[in-house]
Amino acid sequence: MANVTVLVGAQWGDEGKGKVIDVLTERAEWVVRYQGGNNAGHTVEIAGARHVLHLIPSGIFRPPTRCVIGNGVVVDPLALRDEIAEVRQAGIPVDGRLFLSDRAHLVLPYHRAFDAGRERALGQGERIGTTQRGIGPAYVDKAMRVGLRAAALADPDFPMEIRRRLEAANVQLRQQGHAPFEVEPLAEKLSAAAAELAPSVADTAWMLDEACRRGERILFEGAQGTMLDVDFGTYPFVTSSNATAGGACTGSGLPPNRIGRVIGVLKAYTTRVGEGPFPTELNDAVGEELRRVGGEYGATTGRPRRCGWFDAVVARYSARINGVDEWALTKLDVLDGFETVRICVAYEHGGRRLETVPADLRVLAACRPVYEDHPGWRQPLRHIRSPADLPPLARSYLVRIEELTGVPIGILSVGPGRENTIVLPRPGIPA
Ligand code: IMP
């Protein structure tokens, strides 16, 4: 593995990144989150126990790997404190292994209130379907240059500053007809969380650079996915950060010339939570079957995910935007029972064939997928440990994905456990 690897979601998030990161962490000294916040939900299954992480990098389950929450992440101190407690409860050591960038912005309770309020105020067709974790409003404050950063957690004036901000938020909440916060108990709760988190606040950009100079291996863990990126996703139905590979640099302080390899994570079919266009969505029994077999319910909100066939247009676009060197393809086993599996190879719009994702949402929403049908392999794949043992029909499905995207598959996941993961000695499915 290159010394610095970036792992990104290549679709709309929920590609199974947590699991792939967990497998790759075996070969990393550091795992770093660089964007998003506790809108993410990374599920890791270890020895049959299921763990869901929202803010802490999944590397925490592989001591002694150290974990960083970078400056590009927005951090809800109450959520982070609770998550640390849960990880500790699972018997995992956290002290001296988890570092929070002093430049990361805080998500405060009023950000959540504004997120929910804005969603309620928007009409059908306008609503984003956010996770209501306050992510958008926290990034708004960052860009507006009025945010509060993690460095403040260790400031003796933190309780005073929080009271001042809660009072100011109450004025806005009252104006919008919402219930105000009870300032005193909330300020106390936040101050207690600040005191707990303060020892892990550090200049993580410096730390990571030092680690790089020592030749230690760093793995960047992207949250959400390329199609939810604020610049390259289906704007405005996106999250508020750069989920793409470039975000790893701005979100951590590690310069671009340190990045050695980019792994894109793709699900063997497509899902999306929240609103916005989704060309291969299936609103029929096949879509329901994908949801049922794949257990497609949000790790953060429990919402049912919208499901559809594999979209090679999206994958090709992601390959280019992120500079993907190899794919980690997940949940191939979910397709085991299907008689036919379809791949969308292009879009059709107004009699024209489109090979990439159009920026104009109205165009994207009107695109019709052009499908290629592949016969299903109709046998269970979970026990498979080598690509050579894959049934020929499964192999040809994978080879076709490689051809259509121009990127080889390096990791294949055929089940939820660590043991259901095939890491190819060299990327590329043998035809
Ligand atoms: P927000 O990030 O909560 O503002 O939500 C914006 C959009 O991103 C919504 O469509 C969410 O459903 C989606 N989203 C946010 N986080 C995730 C994630 O981790 N997986 C999948 N979708 C996500």
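Just follow the structure's listing: the first ligand is 1, and inside any ligand the first atom is 1.
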Hey, does Q224 come in under 3.5 Å of ligand 1, counting only N/O atoms on both sides? yes
What about V273: any of its N or O atoms under 3.5 Å from an N or O on ligand 1? yes
Charged N to carboxylate O under 4.0 angstrom, R164 versus E167? no
For ligand 1, which atoms have a heavy atom of G274 less than 4.0 angstrom away? 10 (O), 12 (O)
Does W12 have a heavy atom less than 4.0 Å from any atom of ligand 1? yes
Checking the N or O distance criterion of under 3.5 Å, is ligand 1 in contact with R133? no
Please state which protein non-hydrogen atom is closest to atom 6 (C) of ligand 1 and give its distance, to 0.1 Å? V238 O, 3.3 Å
Is ligand 1 less than 4.0 angstrom away from at least one heavy atom of T301? no
Relative to the heavy atoms of G129, which atoms of ligand 1 are at a distance of less than 4.0 Å? 9 (C), 10 (O), 11 (C), 12 (O)
Measure the acute angle between the ring planes of Y397 and F310, then classify it against the limits of 30° and 60° as parallel, tilted or perpendicular. perpendicular
Is the contact between R303 and ligand 1 made by the side chain, the backbone, both, or neither, using heavy atoms and a 4.0 Å cut-off? side chain
Salt-bridge criterion met for R291 and E296 (N-O under 4.0 Å): no
Ranked by distance from atom 14 (N) of ligand 1, the top protein heavy atom is L228 CD1, 3.9 Å
Heteroatom distance test (T239, ligand 1): nitrogen or oxygen, under 3.5 angstrom: yes
Check ligand 1 against N39 and write out every atom of the ligand that is under 4.0 Å from a heavy-atom position of the residue. 2 (O), 3 (O), 15 (C), 16 (N), 17 (C), 18 (C), 19 (O)
For the residue pair F338 and W377, is the inter-centroid distance of their aromatic rings smaller than 6.0 Å? no
Backbone or side chain, does any N or O of D14 fall under 3.5 Å from an N or O of ligand 1? yes
Is it true that the side chains of Y317 and E355 contain a donor and an acceptor less than 3.5 Å apart? no
Does the N or O separation between E275 and ligand 1 drop below 3.5 Å for any pair? no
